[in-house]
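Data block below; observations after.
Chain letters run A, B, ... following the sequence lines, proteins first and then strands; every chain starts at 1. Atom set for the values below is all heavy atoms of this structure, side chains included, hydrogens, waters and symmetry mates excluded.
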Number of protein chains: 2
Amino acid sequence: MSEPADDLDLIGRRTAQRTSVVGALIDHGGFVGARALHDALRTQGARVGLNTVYRTLAALVEAGRADVVRDRGGERLFRHRAFPEHQHYLLCRACGLSTPVDSETVETWAARVADISGFAEVEHTVELTGLCPRCRASS
Amino acid sequence: MSEPADDLDLIGRRTAQRTSVVGALIDHGGFVGARALHDALRTQGARVGLNTVYRTLAALVEAGRADVVRDRGGERLFRHRAFPEHQHYLLCRACGLSTPVDSETVETWAARVADISGFAEVEHTVELTGLCPRCRASS
DNA sequence: CAAGGATCGGTAATGATTTTCATTATTGGC
DNA sequence: GCCAATAATGAAAATCATTACCGATCCTTG
């Protein structure tokens, strides 16, 4: 498991605000929106501006320490990435629960498509959403 | 090949505005944003409001006659879907050129992940982007 | 301790999308 | 063809997430 310190070293100066943002992201465990994370930080007493939350999350993504998805409303949701590998998730639309899924098949497929397409710098986004067992039961 | 008429019948009343929006989407051939489509319509003399463009595109997506992706800025891009099958595309980040790709592998993978996950109503989004041969050459 | 640069945060700006609501157009029944 | 019921339209205003500004603040290094 990685420590917040590892992430902080990657994104510039170590400040109280960034420390709490990274900590909150790790504590949350799953995908969260910037706004929600900011609310959580404020609730627990941290004095951090929304702007700083956005900047810190963007820096983490840039450094490869966080994954991003878009929810249906277009909002970006962030999740701390403990391991350096590119990873895909299955995300519950109701409660936000996320679980990593086996990604090898898609990775291979994407690489092959890139190869035969003639396109350069091919990137891919894969998002799986559904209703987790608990949410399915309670609906 | 499908006719605009087929699409119009799926989304409610047949109006001059919807006809021109669907026509413009088909003519465009690839992925377009609502704003760009609206501009194109205005340029060619059609009197259509921007929100009618949005509503028509949303209705097409709802009816399964259009695909949607998000570009890097979060804007939604729409493409007319001539055939009823779910389809994935490889999209050029520079010029917007889009080409359908073989999707069977991902479809199968997504179905299997859904099966073993315990999640219900699993949906997936797969987006491939890159630089097409022409744009790669001119950069 | 001072200077320089990174960082912060409140606020205003941006940009896409949606809502509101009064007006207009389409459709099914006569 | 005519008419009322109702869906559709559009201009402007409202949302919502995200970003840009910019003056104040905090580290860090010398």
Side-chain angles (χ1 to χ4, degrees), chain A residues 4-5 7-25 31-63 66-79 96 127, chain B residues 4-5 7-25 31-43 45-63 65-79 96 127:
Chain A
D7 304 295
L8 290 166
D9 289 339
L10 288 172
I11 60 177
R13 284 188 182 169
R14 171 183 302 245
T15 69
Q17 289 88 340
R18 287 181 180 178
T19 303
S20 53
V21 172
V22 173
L25 183 64
F31 282 97
V32 220
R35 186 172 209 76
L37 204 56
H38 180 242
D39 288 347
L41 284 162
R42 282 296 173 84
T43 299
Q44 70 185 46
R47 282 182 276 96
V48 184
L50 176 58
N51 205 332
T52 297
V53 174
Y54 273 107
R55 281 189 285 231
T56 305
L57 290 173
L60 285 173
V61 171
E62 175 78 16
D67 292 302
V68 197
V69 300
R70 292 224 183 234
D71 71 9
R72 294 195 156 178
E75 182 177 2
R76 288 214 294 249
L77 305 180
F78 302 82
R79 171 177 167 140
E127 292 171 14
Chain B
D7 304 293
L8 291 167
D9 289 339
L10 288 172
I11 61 177
R13 288 185 179 174
R14 171 182 301 249
T15 69
Q17 289 89 338
R18 286 182 180 178
T19 303
S20 52
V21 172
V22 172
L25 182 65
F31 282 97
V32 220
R35 187 173 208 76
L37 204 55
H38 180 242
D39 288 347
L41 284 163
R42 281 297 174 84
T43 299
R47 283 181 277 96
V48 184
L50 177 57
N51 64 2
T52 295
V53 174
Y54 273 108
R55 282 188 283 232
T56 304
L57 291 172
L60 285 173
V61 172
E62 175 78 17
R65 304 309 300 253
D67 293 300
V68 197
V69 301
R70 293 225 183 234
D71 70 9
R72 293 195 155 176
E75 182 177 1
R76 288 214 295 249
L77 305 179
F78 302 82
R79 171 177 167 142
E127 291 173 14

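Contact check for B:Val61 versus B:Leu57: no side-chain heavy atoms found under the 4.5 Å cut-off. The shortest distance between side-chain heavy atoms of B:Val69 and B:Phe31 falls below 4.5 Å.
Distance from the side chain of B:Arg13 is smallest for D:dA5 among the nucleotides D:dT18, D:dA5, C:dG9. The side chain of A:Arg55 lies closest to C:dC8, out of C:dT18, C:dC8, D:dT18. Listed candidates were D:dT9, C:dT27, C:dA16. Nearest to the side chain of B:Thr52 is D:dT9. Out of D:dG10, C:dT18, C:dT11, the shortest distance to the side chain of B:Arg76 is found at C:dT18. Of all nucleotides listed (D:dT18, C:dA16, C:dG10), C:dA16 comes nearest to the side chain of B:Glu75.
Remark: P of D:dA17 and CZ of A:Arg72 are 17 Å apart, rounded to the nearest angstrom. For the pair A:Arg70 CZ and D:dC16 C1', the interatomic distance rounds to 12 Å; values are reported in whole Å. Computed from coordinates, the A:Leu37 CG to D:dA17 C1' distance equals 15 Å when rounded to whole Å. As a whole-Å value, the separation of B:Arg18 CZ from C:dT26 P is 11 Å. Atom CG in A:Leu50 sits about 14 Å away from atom P in D:dC16, given to the nearest Å. For the pair B:Tyr54 OH and C:dG15 C1', the interatomic distance rounds to 9 Å; values are reported in whole Å. Atom pair B:Leu57:CG and C:dT18:C1' shows a separation of 14 Å (rounding to whole Å applied). Taking atom NE2 of A:His38 as the reference point, atom C1' of D:dT19 lies 15 Å away to the nearest angstrom.
A:Thr15 has no side-chain polar atom (N or O) that falls below the 4.0 Å cut-off from OP1 or OP2 of D:dC26. Residue B:Arg14 places none of its side-chain N or O atoms closer than 4.0 Å to OP1 or OP2 of D:dA7. Contact annotation: B:Gln17 reaches the phosphate of D:dG10 (side-chain N/O to OP1 or OP2, under 4.0 Å).
In this structure a side-chain-to-backbone donor-acceptor pair under 3.5 Å is missing from A:Arg76 to A:Val68. Although no hydrogens or angles enter the test, the distance criterion places no donor-acceptor pair under 3.5 Å between the side chain of A:Arg14 and the main chain of A:Asp9.
A:Arg42 comes within 4.0 angstrom of sugar-phosphate atoms only, judged by non-hydrogen atoms across all strands, and of no base.
In this structure, A:Ile11 and A:Ala59 approach most closely via the heavy-atom pair CG2-O, 3.6 Å.
Between the side chain of B:Asn51 and the base of C:dT17, no donor-acceptor pair under 3.5 Å is found.
When each of A:Ile11 and B:Gly33 is assigned the nucleotide of DNA chain C bearing its nearest heavy atom, the one mapping closer to the 5' terminus is A:Ile11.
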